[in-house]
Asker: 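Take this structure, written in structure tokens, and hold onto it; I'll ask about it next.
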Amino acid sequence: MHDDSPREGRPGGVSRRRFMTGTGSLFGSAALAGHMVPAHAVTAAPATVIEPGAHVPALVIGTGYGGSVTALRLAQAGVDVHMVEMGMAWDAPGPDGKIFANTTSPDYRSYWLRTRTKQPLSNFLGFPIDKNVPRYTGILDAEEMGGIIVYQGRGVGGGSLVNGGMAVTPKRENFGAVLPSVSADEMYSVYYPRANQGLGVGTVDPAWFETADCYRYARVGRKHAERSGFPFVHVPDVYDWDYMEREAAGTVPRSALAGEILYGNNYGKKSLQKTYLARAAATGRVVVSPLHKVTSVAPAPGGRYTVVVDQIDTAGSTTVTKAVTADRVFFGAGSVGTSKLLVRLKATGALPGLNGEVGKGWGDNGNVMCGRANHLWDPTGALQSSIPCSGIDNWAAGGAFAEVAPLPTGIETYASFYLSITRNPHRARFSWNAAAGRVDLDWQTAWKQPSVDMAKTIFDKINAKEGTIYRTDLFGAYKIWGDHLTYHPLGGAVLDRATDNYGRLHGYPGLYVVDGALIPGNTTVNPFVTITALAERNIERIIAADL
Ligand code: FAE
């Protein structure tokens with residue numbers, strides 16, 4: 001790829017010098033140095049956004065895991081990159097002095113363009129807990145697709161802003177089912193280690209775990225799992241574990257121990273802003289345009305692509321529509337974002353040559369949630385770390401891996417709560433609904449039944465052994481299963497089907513898929529380490545062979 005990126009003072013371009021100044025502080029030099037600073041202490045310089053008519057060598061759609069890996073590696077290879085992100089930069093504090101809202105008190109920052117919250121746990125003691133909020137480009141999107149609500153992060157950092165940070169490498173014996181066309185040898189010797197290192201993955205200190213009040217819930221989860229004969233494992237996470245220990249000691253501001261998670265962590269969690277994106281910024285070759293949404297990609301003369309981008313305000317209204325060109329476009333808009341874009345662009349004539357696999361192979365990673373009501377002698381603690389650190393592994397025997405999740409309500413609930421990842425076989429398809437002018441997903445609510453059955457292989461047994469029952473008050477009145485949602489959308493532009501074996505879209509040289517859309521529906525564990533490792537693998541090949 002030739003480097004013809006615009007320079008300072010050239011019309012229609014972006015300024016490298018302005019960017020280096022702006023983005024260097026946007027992501028924070030202290031974060032680069034590895035110090036855990038409060039996110040709101042980072043001073044943001046004015047953002048440098050893409051200008052109409054600009055030409056960029058590489059345009060990356062989305063700033064989640066796939067997009068961030070891609071941007072960093074391209075920049076390190078000497079390519080100037082522009083990242084276009086529909087969500088906000090999340091670099092400025094709100095009126096309470098914090099960037100992110102607390103899980104227990106969602107506000108205008110919490111939801112993507114909704115006037116009422118859509119909390120994954122919709123009820124408590126049977127009562128609905130959702131409330132009205134001002135419509136705003138908030139951090140968590142509860143996107144209602146047919147038959148399922150797909151939760152996704154919105155902003156610079158994508159899902160890393162809102163997720164639990166559980167950073168799990170699948171067991172090697174399961175990898176063949178995750179990415180059948182990829183060499184496990186290569187992944188486990190090179191790309192998983194590289195991803196773990198790049199993400200800053202670590203594990204709770206086992207000695208501290210045994211004594212920490214905030215993990216009483218996990219120790220209760222372990223006791224119950226082991227008494228029923230299930231393997232119990234510690235699960236790595238990208239949270240800064242030393243910081244959490246200091247939270248517990250009361251020497252630093254609390255984040256995990258203040259229940260922060262779904263709507264962002266103000267301290268402690270190593271989101272992509274502190275890892276891959278900070279390193280990308282440090283190269284001086286990566287520019288990010290927040291509040292910019294890609295709406296079209298189509299071939300342009302000279303082998304380039306025209307990319308149409310809507311700049312939006314915090315009410316979600318388009319303020320400017322910009323057409324830019326790029327030599328190469330990397331789709332990193334997440335499984336749903338990338339799939340919806342590709343399906344629409346194929347159907348409406350912008351990219352008619354995409355193959356028939358586009359839109360297929362979507363799965364929910366078998367997500368299903370439930371709670372159990374413990375006896376009074378098994379309190380799970382009023383103080384719960386919002387960062388899960390353990391799970392019950394019944395994948396081989398029952399098709400379920402259940403993370404022991406927190407219920408950080410601030411009061412003793414005597415509840416154990418779990419998010420299970422299961423071997424759900426159903427795969428859905430995105431298709432263009434011309435009459436409605438939108439992309440639909442044909443997931444059926446009833447398709448969660450295999451996931452419920454697999455989760456029951458664990459929890460029916462534990463309930464029988466402990467003489468306990470399921471909670472029925474967390475997802476509605478008298479509803480046991482959280483079977484209406486997923487946190488882990490995967491697939492829709494599957495590797496080696498919609499693309500070649502490295503993410504190159506068939507029919508369009510210079511167009512690539514780099515995110516969770518490549519993975520055919522299930523990773524057997526939480527997905528972002530696999531998304532990151534696959535992106536590392538693919539971009540290495542693309543840089544070597546295509547540039
Ligand atoms: P993703 O991170 O979703 O990034 C896509 C980005 O593209 C987003 O920032 C979008 O705003 C942006 N975008 C979309 N469309 C456009 C457009 N048209 N123009 C411009 N920008 C666009 O994609 N996974 C784990 O492994 N461990 C966990 O503990 C975990 N917990 C989770 C908890 C929650 C509540 C949620 C929602 C997810 C969780 N996940 C977890 C899933 C994980 O965050 C997700 O798999 C990855 O973020 C997906 O990475 P991608 O790069 O595919």
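In this chain, residues are counted from 1 in sequence order. We count ligands from 1, going down the list as the structure has it; atoms in each ligand are counted the same way.
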Asker: Could you say whether the N/O atoms of Asn163 and ligand 1 ever approach to under 3.5 Å?
Answerer: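 Between Asn163 and ligand 1 (N or O atoms, distance only) the closest approach is under 3.5 Å.
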
Asker: Look only at interatomic distance and state if Gly159 has a nitrogen or oxygen under 3.5 Å from any nitrogen or oxygen of ligand 1.
Answerer: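 By distance alone, the answer is yes.
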
Asker: Is there side-chain contact between Gln273 and Leu161, with heavy atoms separated by less than 4.5 Å?
Answerer: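 Side chain of Gln273 against side chain of Leu161, heavy atoms only: contact under 4.5 Å found.
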
Asker: Examine distances only and state if a side-chain atom of His292 and a backbone atom of Pro290 form a donor-acceptor pair shorter than 3.5 Å.
Answerer: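 Answer holds: yes.
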
Asker: What's the shortest distance from atom 9 (O) of ligand 1 to any protein heavy atom, and which residue and atom give it?
Answerer: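 Result: Glu85 OE1, 2.7 Å.
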
Asker: When you look at Tyr418 and Glu403, which way does the side-chain contact (heavy atoms from CB on, under 4.5 Å) test go after all the steps?
Answerer: CA-CA 6 Å; Tyr418 309 89; Glu403 45 179 79; over 6 Å; no

Asker: Nearest protein heavy-atom contact for atom 53 (O) of ligand 1: which residue, which atom, what distance?
Answerer: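 Its nearest protein heavy-atom neighbour is Gly516 N, 2.9 Å.
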
Asker: Take Val513 and Leu505 through the side-chain contact (heavy atoms from CB on, under 4.5 Å) test and state the conclusion after the steps.
Answerer: CA-CA 7 Å; Val513 177; Leu505 275 160; 3.9 Å; yes

Asker: Should the proximity of Ile61 to ligand 1, defined as any heavy atom under 4.0 Å, be assigned to the side chain, the backbone, both, or neither?
Answerer: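 Near ligand 1, Ile61 shows its side chain, while the N, CA, C and O stay back.
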
Asker: Please indicate whether any nitrogen or oxygen in Ala517 is less than 3.5 Å from any nitrogen or oxygen in ligand 1.
Answerer: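 Between Ala517 and ligand 1, no N or O pair is found under 3.5 Å apart.
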
Asker: Within a strict 4.5 Å, meaning less than it, do heavy atoms of the Thr203 and Asp237 side chains meet?
Answerer: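 A side-chain contact under 4.5 Å is absent here.
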
Asker: State yes or no: are the ring centers of Phe330 and Tyr512 separated by less than 6.0 Å?
Answerer: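 Yes, the ring of Phe330 comes within the 6.0 Å limit of the ring of Tyr512, centre to centre.
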
Asker: For Tyr502, does the six-membered ring have the charged nitrogen or CZ of Arg537 within the cation-pi criterion, i.e. under 6.0 angstrom from the centroid and within 45° of the normal?
Answerer: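 Yes, a cation-pi geometry holds between Arg537 and Tyr502.
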
Asker: Return the residue, atom name and 0.1 Å-rounded distance of the protein heavy atom closest to atom 21 (N) of ligand 1.
Answerer: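 That would be Met86 N, 3.1 Å.
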
Asker: Taking the side chain as every heavy atom from C-beta outward, state whether Arg154 and Met86 have any atom pair closer than 4.5 Å.
Answerer: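 When only atoms from C-beta onward are counted, Met86 and Arg154 do touch, with a gap below 4.5 Å.
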
Asker: Can you find a non-hydrogen atom of Gly155 under 4.0 Å from ligand 1?
Answerer: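 Judged by the 4.0 Å heavy-atom criterion, Gly155 does count as contacting ligand 1.
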
Asker: For ligand 1, which atoms, with element, lie under 4.0 Å from some heavy atom of Gly66?
Answerer: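 Heavy-atom distances to Gly66 below 4.0 Å select 52 (O).
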
Asker: Run the numbers for me: atoms of ligand 1, each under 4.0 Å from some heavy atom of Gly334, listed by number.
Answerer: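 Reading through ligand 1 atom by atom, the close ones are 5 (C), 23 (O), 53 (O).
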
Asker: Among all protein heavy atoms, pick out the one at the shortest distance from atom 17 (C) of ligand 1; state its residue, atom name and that distance to 0.1 Å.
Answerer: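 Going by distance alone, atom 17 (C) of ligand 1 is nearest to Val294 N, 3.8 Å.
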
Asker: Is a side-chain N or O of Asp515 found less than 3.5 angstrom from the main chain of Ala333, in a donor-acceptor match?
Answerer: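 Yes, the answer is positive, given that a donor and an acceptor are paired below the 3.5 Å cut-off.
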
Asker: May I ask you to identify the nearest protein heavy atom to atom 37 (C) of ligand 1, giving residue, atom name and distance to one decimal place in Å?
Answerer: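 Ranking protein heavy atoms by distance from atom 37 (C) of ligand 1, first comes Tyr151 O, 3.3 Å.
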
Asker: Under 4.0 Å from a heavy atom of Val84: which atoms of ligand 1 are those, numbered in the order shown and with their elements?
Answerer: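 Atoms satisfying the 4.0 Å criterion: 20 (C), 21 (N).
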
Asker: Would you call Ser255 and Tyr239 a side-chain contact if the rule is heavy atoms closer than 4.5 Å?
Answerer: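 The answer is yes, as the side chains (C-beta and beyond) meet within the 4.5 Å cut-off.
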
Asker: What protein heavy atom sits nearest atom 49 (C) of ligand 1, and how far away is it?
Answerer: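 For atom 49 (C) of ligand 1, the nearest protein heavy atom comes out as Ile531 CD1, 3.6 Å.
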
Asker: Quick one: look up the protein heavy atom nearest atom 27 (N) of ligand 1 and list residue, atom name and how far away it is.
Answerer: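 That would be Met166 O, 2.7 Å.
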
Asker: Any N or O on Asp515 sitting closer than 3.5 Å to an N or O of ligand 1?
Answerer: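 It does not: no N or O of Asp515 is found under 3.5 Å from an N or O of ligand 1.
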
Asker: Could you tell me the residue and atom name of the protein heavy atom closest to atom 25 (C) of ligand 1, and the distance to it rounded to 0.1 Å?
Answerer: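 Ranking protein heavy atoms by distance from atom 25 (C) of ligand 1, first comes Phe528 CD2, 3.1 Å.
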
Asker: May I ask which of Ala535, Gly332, Gly158 has a heavy atom nearer to atom 5 (C) of ligand 1 than the others do?
Answerer: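 Considering heavy atoms of Ala535, Gly332, Gly158, the nearest to atom 5 (C) of ligand 1 sits in Gly332.
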
Asker: Consider side-chain contact (heavy atoms from CB on, under 4.5 Å). Of Thr325, Val297, Val324, which one does Thr306 pass it with?
Answerer: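 So the option named by the test is Thr325.
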
Asker: Flag this pair as yes if the NZ/CZ of Arg429 is under 6.0 angstrom from the six-membered ring centre of Trp362 and inside a 45 degree cone about the axis; otherwise no.
Answerer: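 No, a cation-pi geometry is absent between Arg429 and Trp362.
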
Asker: Would you please determine whether His292 falls within less than 4.0 Å of ligand 1 on a heavy-atom basis?
Answerer: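 Within the 4.0 Å threshold, so yes.
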
Asker: When the ring centroid of Phe417 is compared with that of Tyr217, is the distance short of 6.0 Å?
Answerer: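 No, the ring of Phe417 stays outside the 6.0 Å limit from the ring of Tyr217, centre to centre.
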
Asker: Which is closest to atom 10 (C) of ligand 1 in terms of heavy atoms, Met88, Arg154, Met83?
Answerer: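 That would be Arg154.
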
Asker: Counting heavy atoms only, which of Tyr263, Phe331, Tyr487 comes nearest to atom 38 (C) of ligand 1?
Answerer: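 Considering heavy atoms of Tyr263, Phe331, Tyr487, the nearest to atom 38 (C) of ligand 1 sits in Tyr487.
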
Asker: Pull out every atom of ligand 1 sitting under 4.0 Å from any heavy atom of Leu262, numbered as shown with elements.
Answerer: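 Listed by number with element, the hits are 35 (C).
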
Asker: Check for a donor-acceptor pair, side chain of Tyr487 on one end and backbone N or O of Asn163 on the other, with a separation under 3.5 Å.
Answerer: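 No.
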
Asker: Only heavy atoms of His488, strictly under 4.0 Å: list the atoms of ligand 1 that pass.
Answerer: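 Within the 4.0 Å cut-off of His488, ligand 1 contributes 24 (N), 30 (C), 40 (N), 41 (C), 42 (C).
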
